[in-house]
Amino acid sequence: QVQLVESGGGLVQAGGSLRLSCTASETIGNIINMGWYRQAPGKQREFVAVFTNAGSTVYADSVKDRFTISRDNTKTSLYLQMNSLKLEDTAVYFCNFRAIGRTLWGQGTQVTVSS
């Protein structure tokens, strides 16, 4: 079974940066889109950013101009560069690969922003 493995989370001060990575254990065919979501304590999981099948990127308003999503050419790895981090960015971040017939989630990586 294909797995998505995330890394790069941690503790950072407000204003700092982190780069999250998500790598699939094998190549996934028929990718529709690849994205990042997050879930803060006591809140529902929310959309952060996505790389669409057309190759465009879409961001949540709350992270626009601060976060950058990118991927490798093989569509095996996905990244999220997070700059100017705010306290409200604290959450568990999940990568998500959607392909024809299946949706895969990573296990999540904790990002904690301190004051």
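In the hydrophobic clustering of this structure, F47 does not group with I69; members are Ile, Leu, Val, Met, Phe, Trp, Tyr whose side-chain heavy atoms approach within less than 4.5 Å, directly or through other members. Residues F94 and V63 do not share a hydrophobic cluster, defined by chaining ILVMFWY side chains whose heavy atoms lie under 4.5 Å apart. Grouping the Ile, Leu, Val, Met, Phe, Trp and Tyr side chains by contacts below 4.5 angstrom, directly or via other members, places W105 with V92. Note on M82 and V12: same hydrophobic cluster, where clusters join Ile, Leu, Val, Met, Phe, Trp and Tyr whose side-chain heavy atoms are under 4.5 Å apart, directly or indirectly. Under the 4.5 Å side-chain heavy-atom criterion for Ile, Leu, Val, Met, Phe, Trp and Tyr, L20 and V58 are members of distinct hydrophobic clusters.
In this structure the side chain of K86 reaches within 4.5 angstrom of the side chain of R66, judged on heavy atoms. Looking at heavy atoms from C-beta onward, T27 lies out of side-chain contact with T74 at the 4.5 angstrom threshold. With a 4.5 Å cut-off on side-chain heavy atoms, T68 and L80 do not count as touching. Residues F97 and C22 meet the side-chain proximity criterion, which asks for heavy atoms closer than 4.5 Å. Put simply, the side chain of F67 does not reach to within 4.5 Å of the side chain of T57, judged on heavy atoms. Residues S17 and Q81 meet the side-chain proximity criterion, which asks for heavy atoms closer than 4.5 Å. Residues T76 and R71 form no side-chain contact, since every pair of their non-hydrogen atoms from C-beta on lies 4.5 Å or further apart. A 4.5 Å side-chain heavy-atom check between V5 and S25 finds every atom pair outside the cut-off.
Counting heavy atoms of neighbouring residues, nucleotides and ligands inside a 6.0 Å radius, atom CG of D65 does not exceed 12 of them. The 12-atom threshold is not exceeded at CD of Q44, counting heavy atoms of other residues, nucleotides or ligands nearer than 6.0 Å. Counting heavy atoms of neighbouring residues, nucleotides and ligands inside a 6.0 Å radius, atom CD of Q107 exceeds 12 of them. Residue R98 places its CZ atom among 12 or fewer non-hydrogen atoms of other residues, nucleotides or ligands, all under 6.0 Å distant.
The distance from the CG atom of L87 to the OG atom of S115 is 5.5 Å, given to the nearest 0.5 Å. For the atom pair CG (L4) and CD1 (I28), the distance works out to 5.5 Å, reported to the nearest 0.5 Å.
With hydrogens and angles disregarded, a donor-acceptor distance shorter than 3.5 Å links the side chain of T90 to the backbone of V113.
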Given the rule in the side-chain contact (heavy atoms from CB on, under 4.5 Å) test, do V2 and R102 qualify, once you have shown the distances and angles that lead to the verdict? CA-CA 11 Å; V2 180; R102 58 179 170 173; 3.8 Å; yes
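G29 approaches A99 most closely through the heavy-atom pair O-CB, 3.5 Å.
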Could you give the side-chain donor-acceptor pairs of residues 32-42 under 3.5 Å, partners two or more places apart or in another chain?
from: W36; atom 1: NE1; to: Y79; atom 2: O; distance (Å): 3.2
from: R38; atom 1: NE; to: E46; atom 2: OE2; distance (Å): 2.6
from: R38; atom 1: NH1; to: D89; atom 2: OD1; distance (Å): 2.9
from: R38; atom 1: NH1; to: Y93; atom 2: OH; distance (Å): 2.9
from: R38; atom 1: NH2; to: E46; atom 2: OE2; distance (Å): 3.2
from: R38; atom 1: NH2; to: S62; atom 2: OG; distance (Å): 3.4
from: Q39; atom 1: NE2; to: K43; atom 2: O; distance (Å): 3.1

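For the side chain to side chain contact (heavy atoms under 4.5 Å, CB included) with N96, the qualifying choice from L78, L104, T103 is T103, the only one to do so.
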